[in-house]
*Asks:* 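So that we are looking at the same thing, I have put the structure below in structure tokens.
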Amino acid sequence: MAILHEVQSRLRRAVAEAAGRSGLTLQEEAIHLEVPREKRYGDYATNAAMQLAKTFRRPPRALAEAIAGALDLEAAGLDKVEVAGPGFLNFFLKPDYLGDIIREILREKDRYGQGNAGGGRRVQVEFVSANPTGRLHVGHARGAAYGDALSRMLQWIGYDVTREYYINDAGNQVHNLTKSLEARYFQALGQDVPMPEDGYFGRDIVELAERMVREEGDRYARMDGGERYEALRERALEGMLAQIREDLERFRVRFDLWFSERSLYESGAVSETVDRLRERGWVYEAEGAVWFRSSSLGDDKDRVLVKGDGSYTYLTPDIAYHRNKFERGFDRIINVWGQDHHGYVQRIKAAVQALGYDPDRLTVQLCQLVALYRHGELVRMSKRTGNAVTMAELMDEVGVDAARYFLLRRSHDTHIDFDLDLAVSQSNENPVYYVQYAHARICSMLRQAEDRFRGEDLDARLAQSDFRVLVQDAERDLIRWLGFFPQEVEEAAESLSPHRVVHYIEELAKKFHSFYTSCRVLGEEPAVEAARLALVRAVQWTLRVGLDLIGVAAPEQM
RNA sequence: GUGCCCGUAGCUCAGCUGGAUAGAGCGUUUGACUACGAAUCAAAAGGUCGGGGGUUCGAAUCCCUCCGGGCACGCCA
């Protein structure tokens with residue numbers, strides 16, 4: 001268990017006991033400990049006295065004084081306690097816990113911060129799920145980075161995570177894709193065939209058609225219509241998916257399951273789902289169509305499930321898919337969608353509820369748009385016009401590390417302005433390098449110290465240092481911050497906020513650089529050198545873990 | 001028109017689920033390399049947290065309202 005977690009429990013227990021001795025009732029769990037912004041307010045503070053003031057009808061400061069007076073400093077692990085402001089209790093920890101933090105990290109190494117808050121519960125994260133009708137673009141990259149980092153984090157704190165990509169390989173857009181490929185194919189054979197009106201005009205389909213002509217000649221042209229349609233459809237899906245998979249792999253994103261929409265039709269799950277809804281009384285027929293009475297479950301209006309021509313709307317297989325997710329028994333289901341799908345959330349939640357499942361087990365996280373800027377100008381992206389800025393281009397231009405880092409740096413629900421020039425600039429303006437540089441700097445130091453520890457277990461050896469020599473502000477700030485990591489990761493994961501990990505490591509790098517400038521390491525007297533090397537090593541491990549959680553590399557040199 | 005998201009320093013954004021004097025990076029200004037990587041550090045200036053009301057010991061945070069921006073509102077997917 002993380003050191004600070006123990007420190008906090010001990011403190012809470014002592015405060016609750018002190019309150020008890022003062023004739024107050026205070027549950028340990030109800031004591032909210034916070035880290036004050038300013039150092040002079042101590043390591044931890046609590047507003048417990050202010051909370052109690054109302055129930056006991058006494059001034060908060062008097063209550064705080066009473067608790068402080070009754071507090072067993074030794075049992076609480078404190079140097080001192082102060083009452084401040086309107087009735088805050090400010091706690092000043094005995095500094096020996098700082099050494100415990102370093103020892104814990106050197107023991108845990110690349111598992112530092114790993115936890116079991118998830119308790120093995122099963123979570124499914126569905127993300128990207130772009131239609132296989134073209135290359136992935138920058139918006140998908142954001143969803144990919146977000147979903148992937150989220151999955152890594154949830155896994156890290158003990159959830160059993162399944163990453164899933166839902167392939168829309170049935171329905172109208174596949175039809176349009178097939179017709180588009182057909183047209184491009186004939187064009188590639190030199191025939192003047194017009195593109196379908198709803199076709200996909202992307203370069204990638206042209207390229208696929210040309211490749212097919214190169215590799216397979218006119219064999220599709222010789223087929224009869226129906227046969228050709230089937231073959232081209234398979235070829236198109238296969239081609240598009242291969243491309244998508246390739247882009248994602250390069251972006252360091254892998255899925256446990258690629259779930260096919262078509263499989264829901266083939267297994268009969270789609271029609272079964274409509275039957276199920278009907279049995280439960282959520283379906284009616286009107287104007288020649290089959291409707292879902294979603295408006296009585298919070299949706300704006302009722303939705304069509306089966307169109308007048310007998311075919312299903314997009315919604316219906318999607319409901320079937322979500323039914324399938326719940327049938328697989330996930331404790332929690334997380335969908336990562338683009339902001340433009342937000343109108344869809346209520347519909348799916350209504351459907352989940354109508355099927356008898358708990359809609360609160362489903363969370364839909366909407367990623368806001370990404371606007372690209374190059375040379376200060378907005379770069380428009382449009383899949384249809386062929387001017388799309390694809391995910392592949394983004395990776396070509398700024399690299400995977402910078403792309404992931406910038407996309408994850410901001411909360412998923414805020415609009416991002418992505419400055420391409422900044423992301424590639426190898427300068428102090430670029431936060432990716434700032435963090436990576438801290439890691440590379442540490443590697444360089446440890447390389448130089450290597451000969452002192454030849455043949456020894458570096459971490460075990462360093463952990464034996466006497467950490468009481470670390471008394472500088474810069475050292476203690478840094479160690480304290482290292483100690484926050486496990487809790488920070490847990491909170492970031494539970495609140496589905498990878499950007500908090502980014503902020504954490506950025507702050508860690510900042511504190512490290514600051515320490516580096518004010519505290520010499522190599523060549524100091526042996527006891528100080530050893531303790532500082534241990535600290536530096538602890539920072540290295542923590543940076544590695546943090547960077548890995550967001551899928552960014554921790555380079556040994558730059 | 002209806003619904004969702006957003007509005008915090010010149011710019012881009014944090015703000016730990018209600019706490020103390022609202023933070024960071026960039027940009028601007030000033031300073032620091034004859035020892036561990038200057039892709040770095042130290043410091044300064046910069047704010048009526050969109051406006052107005054409310055809830056309370058206490059609000060950037062919760063509620064109402066207005067203003068401004070984005071997105072969505074198909075028997076498309």
Side-chain angles (χ1 to χ4, degrees), chain A residues 32 34-38 40-41 45-47 50-51 53-54 59-61 84-88 90 131 133 168 170-176 198 287-291 300-301 303-315 317-318 338-346 366 368-369 371 373 409-411 413-419 422 425-434 436-438 440-449 484 487-488 491-492 495 497 499-500 502-504 506-507 509-510 512-524 529 532-533 536 557-558:
Chain A
H32 177 68
E34 58 181 43
V35 179
R37 202 172 21 245
E38 291 194 53
R40 65 192 167 98
Y41 294 137
T46 184
N47 60 355
M50 281 118 93
Q51 307 282 17
K54 192 168 282 177
R61 275 199 73 106
F88 286 106
N90 291 337
N131 288 341
T133 52
N168 292 108
N172 231 328
Q173 80 283 4
V174 177
H175 174 73
N176 291 335
D198 293 329
E287 302 160 48
V290 178
W291 294 75
D300 300 341
K301 48 184 114 167
R303 306 292 171 178
V304 171
L305 294 173
V306 185
K307 295 185 250 180
D309 67 1
S311 64
Y312 294 102
T313 61
Y314 176 78
L315 177 63
D318 226 15
Q339 164 66 13
D340 53 344
H341 286 73
H342 81 256
Y344 207 69
V345 176
Q346 205 43 250
L366 299 173
Q368 295 283 337
L369 295 176
Y373 286 85
R409 199 164 173 240
R410 303 308 183 196
S411 168
D413 61 6
T414 70
H415 185 100
I416 291 186
D417 287 331
F418 194 119
D419 184 339
L422 177 61
S425 76
Q426 302 199 1
S427 75
N428 55 342
E429 298 164 34
N430 192 334
V432 194
Y433 289 101
Y434 185 81
Q436 291 185 323
Y437 180 62
R441 227 179 187 184
I442 291 171
C443 292
S444 167
M445 292 167 81
L446 291 172
R447 273 194 298 272
Q448 290 169 62
F484 292 152
Q487 198 169 345
E488 193 59 29
E491 285 175 17
S495 62
S497 309
H499 76 278
R500 285 180 51 178
V502 179
H503 282 278
Y504 175 89
E506 231 167 275
E507 187 64 26
K510 184 181 167 69
F512 167 74
H513 285 309
S514 179
F515 154 81
Y516 179 89
T517 309
S518 63
C519 300
R520 176 80 203 174
V521 178
L522 299 180
E524 285 295 289
E529 184 188 61
R532 286 184 177 165
L533 272 175
V536 163
Q557 45 195 337
M558 300 169 64

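From a predicted model like this one, the values you see are computed outputs, not experimental measurements. Residue numbers begin at 1 in each chain, while the letters A, B, ... track the order of the sequences.
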*Asks:* Is there side-chain contact between A/Val536 and A/Tyr516, with heavy atoms separated by less than 4.5 Å?
*Replies:* no
*Asks:* For A/Thr313 and A/Arg303: C-alpha separation, side-chain torsions, deciding distance, then whether side-chain contact (heavy atoms from CB on, under 4.5 Å) applies.
*Replies:* CA-CA 9 Å; A/Thr313 61; A/Arg303 306 292 171 178; over 6 Å; no
*Asks:* Where the side chain of A/Tyr516 is defined as all heavy atoms beyond and including C-beta, which of B/C76, B/G37, B/G19 is the nearest nucleotide?
*Replies:* B/G37
*Asks:* Look up atom NE2 in A/His32 and atom CD in A/Gln51, then write down how far apart they are to the nearest 0.5 Å.
*Replies:* 9.0 Å
*Asks:* Nearest to the side chain of A/His503, which nucleotide is it out of B/A35, B/A14, B/A39?
*Replies:* B/A14
*Asks:* Among B/C36, B/U40, B/G19, which nucleotide has an atom closest to any side-chain atom of A/Met445?
*Replies:* B/C36
*Asks:* When the P atoms of B/C64 and B/U55 are compared, how many Å lie between them, rounded to an integer?
*Replies:* 15 Å
*Asks:* Looking at the side chain of A/Phe88, which of B/A77, B/C41, B/G19 is the nearest nucleotide?
*Replies:* B/G19
*Asks:* What's the gap between B/G18 and B/U56 when it is taken at their C1' atoms, as a whole Å value?
*Replies:* 10 Å
*Asks:* Taking the same atom, C1', in B/G68 and in B/U30, what whole-Å distance lies between them?
*Replies:* 38 Å
*Asks:* B/G37, OP1 or OP2 - any side-chain N/O from A/Gln448 closer than 4.0 Å?
*Replies:* yes
*Asks:* Taking B/U28 as the reference, what is the distance to B/C33 when you measure between their C1' atoms (whole Å, please)?
*Replies:* 24 Å
*Asks:* Which heavy atom of A/Pro86 sits nearest to which heavy atom of A/Arg61, and what is that distance?
*Replies:* O-CG, 3.6 Å
*Asks:* Restricting to non-hydrogen atoms, name the atom on A/Val174 and the atom on A/Asn168 that form the minimum distance, rounded to 0.1 Å.
*Replies:* CG2-O, 3.4 Å
*Asks:* Please name the pair of heavy atoms, one in A/Gly338 and one in A/Leu366, separated by the smallest distance, quoted to 0.1 Å.
*Replies:* O-CD2, 3.6 Å
*Asks:* Which nucleotide wins on minimum distance to the side chain of A/Tyr314, given the candidates B/A38, B/A77, B/C75?
*Replies:* B/A77
*Asks:* Sticking with atom P, work out how far B/G10 lies from B/G54, rounded to a whole angstrom.
*Replies:* 28 Å
*Asks:* In Å and rounded to the nearest 0.5 Å, what is the CD to CD distance from A/Gln339 to A/Gln368?
*Replies:* 4.0 Å
*Asks:* Under 4.0 Å between a side-chain N/O of A/Arg441 and OP1 or OP2 of B/A38, yes or no?
*Replies:* yes
*Asks:* Expressed as a whole number of Å, how far does the P atom of B/G31 sit from that of B/A14?
*Replies:* 34 Å
*Asks:* Name the closest nucleotide to the A/Lys54 side chain, picking from B/G37, B/C57, B/A77.
*Replies:* B/C57
*Asks:* Would you indicate, yes or no, if B/G18 has its OP1 or OP2 atom less than 4.0 angstrom from a side-chain nitrogen or oxygen of A/His32?
*Replies:* no
*Asks:* Using a 4.0 Å heavy-atom cut-off to protein, can you give one letter per nucleotide of nucleotides 67-74 of chain B, 5' to 3': B if the base is in contact, S if only the sugar-phosphate is, - if neither?
*Replies:* ---BBSSS
*Asks:* Show the distances under 3.5 angstrom between N or O atoms of the protein and N or O atoms of nucleotides 42-48 of chain B.
*Replies:*
residue: B/A42; atom: OP1; partner: A/Ser514; partner atom: OG; Å: 3.0

*Asks:* Does A/Ser444 place a side-chain N or O at less than 4.0 Å from the phosphate oxygens OP1/OP2 of B/G37?
*Replies:* yes
*Asks:* With a 4.0 Å cutoff (strictly under), does any side-chain N or O of A/Arg37 reach OP1 or OP2 of B/G23?
*Replies:* yes
*Asks:* Run the numbers on A/Asn430 and A/Tyr437 for side-chain contact (heavy atoms from CB on, under 4.5 Å), then give the verdict.
*Replies:* CA-CA 11 Å; A/Asn430 192 334; A/Tyr437 180 62; over 6 Å; no
*Asks:* If you take atom types as modelled and just measure distance, does the side chain of A/Asn90 reach the base of B/A20 with a donor-acceptor pair under 3.5 Å?
*Replies:* yes
*Asks:* Which whole number of Å gives the distance between the P atom of B/C71 and that of B/C13?
*Replies:* 15 Å
*Asks:* Look at the side chain of A/His513 and the backbone N and O of A/Lys510, then say whether any donor-acceptor pair between them is shorter than 3.5 Å.
*Replies:* no
*Asks:* Would you check, one step at a time, whether the test side-chain contact (heavy atoms from CB on, under 4.5 Å) holds for A/His503 with A/Arg410?
*Replies:* CA-CA 9 Å; A/His503 282 278; A/Arg410 303 308 183 196; 4.2 Å; yes
*Asks:* Could you tell me which non-hydrogen atom of A/Ala509 sits nearest to which non-hydrogen atom of A/Ala438, and how far apart they are?
*Replies:* CB-CB, 3.9 Å
*Asks:* Nearest 0.5 Å, please: how far is CD in A/Glu524 from CZ in A/Arg532?
*Replies:* 5.5 Å
*Asks:* Which one, B/A77, B/G23, B/C16, comes nearest to the side chain of A/Arg500?
*Replies:* B/C16
*Asks:* Please classify B/U17 as syn or anti, treating any glycosidic angle within 90° of 0 as syn.
*Replies:* syn
*Asks:* Any side-chain N or O of A/Arg410 less than 4.0 Å from the OP1 or OP2 oxygen of B/U12?
*Replies:* no
*Asks:* Grab the two heavy atoms, one from A/Tyr373 and one from A/Asp417, that are nearest each other, plus how far apart they are.
*Replies:* CE1-OD1, 3.2 Å
*Asks:* Which whole number of Å gives the distance between the C1' atom of B/C26 and that of B/A59?
*Replies:* 29 Å
*Asks:* Apply the test side-chain contact (heavy atoms from CB on, under 4.5 Å) to residues A/Leu315 and A/Tyr344: give CA-CA distance (whole Å), side-chain angles for both, the deciding distance (0.1 Å), then the verdict.
*Replies:* CA-CA 9 Å; A/Leu315 177 63; A/Tyr344 207 69; 3.3 Å; yes
*Asks:* For B/A14, does OP1 or OP2 lie under 4.0 Å from any side-chain N or O of A/Thr414?
*Replies:* yes
*Asks:* Using the criterion of both pairing distances under 3.5 Å for Watson-Crick and G-U wobble pairs, give all stems of 3 or more consecutive pairs involving RNA chain B.
*Replies:* B:1-7 with B:67-73, B:10-13 with B:23-26, B:28-32 with B:40-44, B:50-54 with B:62-66
*Asks:* Ignoring hydrogens and angles, answer whether the base of B/U21 and the side-chain atoms of A/Arg40 contain a donor-acceptor pair closer than 3.5 Å.
*Replies:* yes
*Asks:* Would you say A/Tyr434 places a side-chain N or O within less than 4.0 Å of OP1 or OP2 belonging to B/C41?
*Replies:* yes
*Asks:* Measure from the side chain of A/Tyr437, starting at C-beta and using heavy atoms only, and say which of B/A39, B/C75, B/C57 lies closest.
*Replies:* B/A39
